[in-house]
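What follows is one structure encoded as structure tokens, with my remarks underneath.
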Amino acid sequence: RQRAEAGELEAKKMALAAEETKVSLTRRMEERVAATKQAEAAKSEASMVRLEHRIREKDQEMSMMRVRLAALERQNQELRDQLAKDRDLAELLPPPPPVLDPGEQLRLALTHP
């Protein structure tokens with residue numbers, strides 16, 4: 001009878017040890033999963049921070065390009081205005097003399113000294 005009780009007690013001890021091992025392994029697995037999730041979240045957060053930084057850089061670049069574009073548009077308008085003034089002035093001038101080829105120039109010089 002004592003042997004039977006000792007056997008039962010030993011079986012209970014082994015079952016308890018097996019349960020403790022199972023609980024310990026489960027706990028370690030949960031810790032690993034939590035650590036992995038935390039690492040992935042940190043990685044994702046770092047990635048988001050990098051993306052936000054890149055977006056800010058691109059926004060600054062676009063802002064500078066808008067300023068540059070506005071300056072070029074102003075310069076373009078100034079050049080167009082100057083061209084219009086130059087055309088208006090050109091209309092007031094007498095027409096330029098005709099361009100003659102060298103042979104024609106020579107003939108004119110000889111016939112009209």
Side-chain angles (χ1 to χ4, degrees):
R1 184 176 163 213
Q2 263 185 336
R3 277 189 190 165
E5 287 177 1
E8 281 179 31
L9 188 59
E10 191 61 34
K12 285 181 182 178
K13 282 182 182 178
M14 288 175 64
L16 183 60
E19 187 65 27
E20 285 175 351
T21 300
K22 182 178 165 186
V23 167
S24 175
L25 288 174
T26 301
R27 188 175 297 126
R28 274 192 259 157
M29 185 77 87
E30 288 170 350
E31 288 170 357
R32 279 191 192 143
V33 167
T36 301
K37 284 182 181 178
Q38 191 175 14
E40 287 173 354
K43 196 172 172 184
S44 179
E45 178 68 22
S47 179
M48 287 295 290
V49 167
R50 283 193 305 275
L51 277 175
E52 288 169 353
H53 179 71
R54 190 159 163 77
I55 288 169
R56 278 193 300 278
E57 285 177 343
K58 292 297 176 187
D59 283 347
Q60 287 175 344
E61 284 178 24
M62 273 183 44
S63 182
M64 290 189 315
M65 286 181 180
R66 281 190 194 104
V67 169
R68 178 83 176 118
L69 177 61
L72 288 171
E73 287 172 343
R74 277 192 306 275
Q75 184 181 12
N76 188 20
Q77 189 58 50
E78 290 168 4
L79 290 171
R80 286 175 184 271
D81 294 346
Q82 186 61 48
L83 180 61
K85 286 178 189 174
D86 291 350
R87 283 184 180 150
D88 291 344
L89 288 174
E91 288 176 5
L92 300 175
L93 296 174
V99 178
L100 303 174
D101 64 70
E104 186 72 15
Q105 286 176 1
L106 181 61
R107 187 185 66 71
L108 275 175
L110 292 174
T111 57
H112 300 290

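Since we're looking at a predicted model, the values are computed, not measured.
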Can Leu79 and Gln82 be said to form a side-chain contact (heavy atoms from CB on, under 4.5 Å), step by step? CA-CA 5 Å; Leu79 290 171; Gln82 186 61 48; 5.5 Å; no
Are Arg54 and Arg50 close enough, and set up right, to give a side-chain contact (heavy atoms from CB on, under 4.5 Å), and what steps lead you there? CA-CA 6 Å; Arg54 190 159 163 77; Arg50 283 193 305 275; over 6 Å; no
Derivation and outcome, side-chain contact (heavy atoms from CB on, under 4.5 Å), residues Asp81 and Glu78: CA-CA 5 Å; Asp81 294 346; Glu78 290 168 4; 5.5 Å; no
Before you tell me yes or no, could you show the steps for Leu9 and Glu5 under side-chain contact (heavy atoms from CB on, under 4.5 Å), namely the whole-Å CA-CA distance, both residues' side-chain angles and the distance that decides it to 0.1 Å? CA-CA 6 Å; Leu9 188 59; Glu5 287 177 1; over 6 Å; no
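A donor-acceptor pair under 3.5 Å is formed between the side chain of Thr26 and the backbone N or O of Lys22. Using modelled atom types, no side-chain atom of Ser47 and backbone atom of Lys43 make a donor-acceptor pair closer than 3.5 Å.
Taking 4.5 Å as the limit, some side-chain heavy atom of Leu72 sits within range of a side-chain heavy atom of Gln75. With contacts defined as side-chain heavy-atom distances shorter than 4.5 Å, the pair Asp88/Leu92 does not qualify. When side chains are defined from C-beta on, Arg56 counts as touching Glu52, because their heavy atoms get closer than 4.5 Å.
We find the OG1-CE distance between Thr21 and Met14 to be 11.0 Å, quoted to the nearest 0.5 Å. Residue Arg74 holds its CZ atom at 12.0 Å from CG of Asn76, rounded to the nearest 0.5 Å. With rounding to the nearest 0.5 Å, the separation of NZ in Lys58 from CG in Leu51 is 12.5 Å. To the nearest 0.5 Å, atoms CE (Met62) and CD1 (Ile55) are separated by 12.0 Å.
Salt-bridge check for Glu40 with Lys37: failed, with every basic side-chain N at 4.0 Å or more from each acidic carboxylate O. Ionic pairing of Glu30 and Arg27 is not present here: no N-O contact between side-chain nitrogen and carboxylate oxygen is shorter than 4.0 angstrom.
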